[in-house]
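Only a predicted model underlies this, so the values are computations on that prediction, with no experimental measurement involved.
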Amino acid sequence: MTFYEVINFGKAAKVTQAARRSRILNKELTHTSRVQGRLLMDQEKTPKGEPLPPWLSRQERPADNLLDEAKVCKREKLIQCINYCHFQGKPLFVFLRHRSYEEGILLNAYPSPCAGEELVCRWERSLESHELDDYSISCLIVTFRDAIIIVDAEPLEATAQSLTVRLGEGYHLSRRQGQRFSSLGVGAEFTRDALLTKGDLVDFSARSFQVRVKMEDSSPLRLLNPEENVSLRLFARKKLVFSGECRLVRQSKDHLADYLVFSPLQEQIKRFPARNIRTPRKEIKPPPVVQFIHPLTEKKIHREISDISVSGFSLQESPEEETLLPGLIIPQVQIIYGGMIRMKCAAQVIFRRKQGDQIIFGLSILEMDIRDFSALTHLISINTDSHACVSTELDMDELWEFLFDTDFIYPEKYKLLQGSREMLKETYRKVYQDNLELSRHFTYEKNGSIYAHIAMLRAYERTWMIHHYAARPLENRLTGFIVLKALLIFLNGFYRLPSAKMDYVMTYYRPHNRIIKRLFGGFAEHVKDLRACSQDLFSYLLLTKREGEGALPPWTVRESTAGDLKKLEHFYDNISGGLLLDALSLRKANGKSSSLEADYREAGLLRRCLVHTLCKSGKPIAFLILDHAEPGINLSELLNCVKVIVLEPDQLPWDVLSGVIDEFSSGYPLPKLPVMIYPAMYAELAGLPAGKNYQLWVLNTAYGEPFLDYLERKFRLKLG
């Protein structure tokens, strides 16, 4: 507790003790009301070794109702508190009153070890410049935890360096409701009608802020209308930690500064759009706790979590300890479970609500890395169903057995992959056991066996791909829907976070897969908005590698230019109008990802995407998207293939296109090269044998709420 809190602590208490104590404490504590913040600030600014300026405060009137059931503090307890201050290197406070005027000063003094009535204290700074003879020692103020002890002190010796007193009675003050907290180093600025005024936050409570504006910066205050609201912003360590509308409730000044008290107007803020589907909140037993440094006081706060979801959590505070307020941003929060699991995030207080004799605060998670977010989702999932797991370390033998048993790795697919099986095992070890930030997986497990699995992979710069969806029966449980639900709950919280890099979610599915078609394709048909959700059909074939001659005149291949990509956009927007180019990051100036390749490289994996233009006599006819990835990272090799977008199907012979594709085949360590062609009708026009088709489904995550709402209603997947 700082001495500023000490002063405020005592000021609002009520009288219940003898009149003599009331009068003494009244004189000792209440006269500092105007200069509290300035004294602290000037202490901070005074260079080490220089005398502390004796800032004096004028007593305007005694405070009424000073003590609230103040209790006598036993001598043994008082000595223990003083020795604790010595052990921690913390000061106590000495209150000095001018002998002739209603003025006083409060100074820091460091106690020596105490064992009896006498106590020796060392002044924090030399007092040689002060006229100590003009002051009398009124009392000592000792802080312990969040309470204070007022101590009668008979001065025995006072010098410029030290003070010796005989300890008298000590009185323990109970806390008051709505206490104020001092603040140091927090900048404040407020605006009204485009007029900006800057100052410092002096103190705050749950219901108000006191801002100090230096006299030289106070000229805009003359135009401040108390009847109009202002927008107040607070900055700690140069980071915004509060922004909100406030009302000016009080204004005062002295010869150095103006002091303004603002009251925030909102009990609830809207950080994100309102949701029809809230992420499920769980009351976990034993409850997790949060730990953070309060951005306005720099004090460590510990609170139990009442309930928690993947998007936020709620806390309880008593009115006496209330330190939070709607709009407050807490840059670093630790969510701790069982004393071992620690998840870091940034959070903001969204609402304040009174419930009985407690205050409930709701906090929204603003940022969290994928590892901690996965741990949080896993914690919530296992408290719903102990078999539902989110990105836990899998037994790789069990995973391979599951993928073969469910026929996810069918003979044709295995034939494509078998030559790289050792490399494939190492890739999956990294993906499933190294907790990479590029992938997540969701499983349903019992006794070590996997019964359902679905995974996500960051496939493009701002796009995640859902893949590897498979399940097998377990009793009467719909295990496939359970892992799908876990993935959707994860997505519902994760896509909002800046670290997610998730503007789009995509998946490929075969049109004959009725369940997946209903899940994903059904929403595309339901929403009827191609900028929200779209589908594009690709034909798929495996191209046998050969030594062709590549492009021959008049055919040429070049890296795509910005002008080429503009033509691609014009073609696609007219033939489809969907999200394919957005998801594949092809609307950028050069069509290349900026950080994706580096992120995969840091994880020890390959990921690269290049775009080339196939031209006839200089005119773009088709685009080749050269996707490179670690073999088998997607078991259908849909990220390790050549994608072709044909602008003019009737002008592109297959032998020309296949020859050009073969030019790039050496960059793919596969016996046969997967090729995907859009539009799918090109395969028929080119006379190719009938093969597979894949739908590329893309969701704009800004429309994630309607998608989840659709799944809830259509499939009874209760997500909220």
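Legend: residues meeting side-chain hydrogen bond (donor to acceptor under 3.5 Å, both in side chains) with D529, ordered by chain and number and at least two apart, are absent. For K446, the salt bridge (charged side-chain N to carboxylate O under 4.0 Å, His left out) partners at least two apart in sequence or on another chain are E475. For E398, there are no salt bridge (charged side-chain N to carboxylate O under 4.0 Å, His left out) partners at least two apart in sequence or on another chain. R342 is linked by a side-chain hydrogen bond (donor to acceptor under 3.5 Å, both in side chains) to Q334, counting only residues two or more places apart in sequence or in another chain. With sequence neighbours excluded, the residues satisfying side-chain hydrogen bond (donor to acceptor under 3.5 Å, both in side chains) with Y678 are D536. For D573, the salt bridge (charged side-chain N to carboxylate O under 4.0 Å, His left out) partners at least two apart in sequence or on another chain are R587. Listed by chain and residue number, nothing satisfies the salt bridge (charged side-chain N to carboxylate O under 4.0 Å, His left out) test with K282 (two or more places apart in sequence, or in another chain).
Interatomic distance, L596 CG to C609 SG, rounded to the nearest 0.5 Å: 8.5 Å. Distance check: M396 CE to E401 CD gives 13.0 Å after rounding to the nearest 0.5 Å.
Looking at Y508 and N634, their side chains never come closer than 4.5 Å, going by heavy atoms from C-beta outward. A heavy-atom distance below 4.5 Å is not found between the side chains of I341 and I336. Residues Y451 and I482 form no side-chain contact, since every pair of their non-hydrogen atoms from C-beta on lies 4.5 Å or further apart.
Here R608 does not pair with D627 in a salt bridge; the nearest charged N to carboxylate O distance is not below 4.0 Å. In this structure, R607 does not pair ionically with D599, as no charged nitrogen and carboxylate oxygen lie closer than 4.0 Å.
Applying the ring pair (Phe, Tyr, Trp, His ring centres under 6.0 Å) test to pairs two or more places apart or on separate chains, those with a residue in residues 621-649 are H628-Y668. Within the structure, ring pair (Phe, Tyr, Trp, His ring centres under 6.0 Å) pairs that include any residue of residues 415-446 comprise H387-Y444, W400-Y428, Y428-Y432, Y432-H441, Y432-H453, F442-F490 (at least two apart or interchain). Within the structure, every pair that satisfies the side chain to side chain donor-acceptor pair (under 3.5 Å) test and touches residues 692-701, not counting sequence neighbours, is listed here: Y410-K692. Pairs of residues two or more places apart, or lying in two chains, that qualify as salt bridge (Lys or Arg N to Asp or Glu O under 4.0 Å) and include a residue from residues 418-439 are R371-E437, E422-K425, E426-R429, R429-D434.
The aromatic rings of Y710 and F707 lie parallel to each other, their planes meeting at an angle below 30°, with 60° marking the opposite boundary.
No option in E559, R558, E663 other than E559 meets the side-chain contact (heavy atoms from CB on, under 4.5 Å) test with H612.
Summarising the geometry of E445 relative to I450, their closest heavy-atom pair is CG-CG1, 4.1 Å, with the distance given to 0.1 Å.
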In a table with atom names and distances, give each donor-acceptor pair under 3.5 Å that connects a side chain of residues 645-655 to protein atoms at least two apart or in another chain.
unit_1: E648; atom_1: OE1; unit_2: Q651; atom_2: NE2; d: 2.4
unit_1: E648; atom_1: OE2; unit_2: K619; atom_2: NZ; d: 3.0

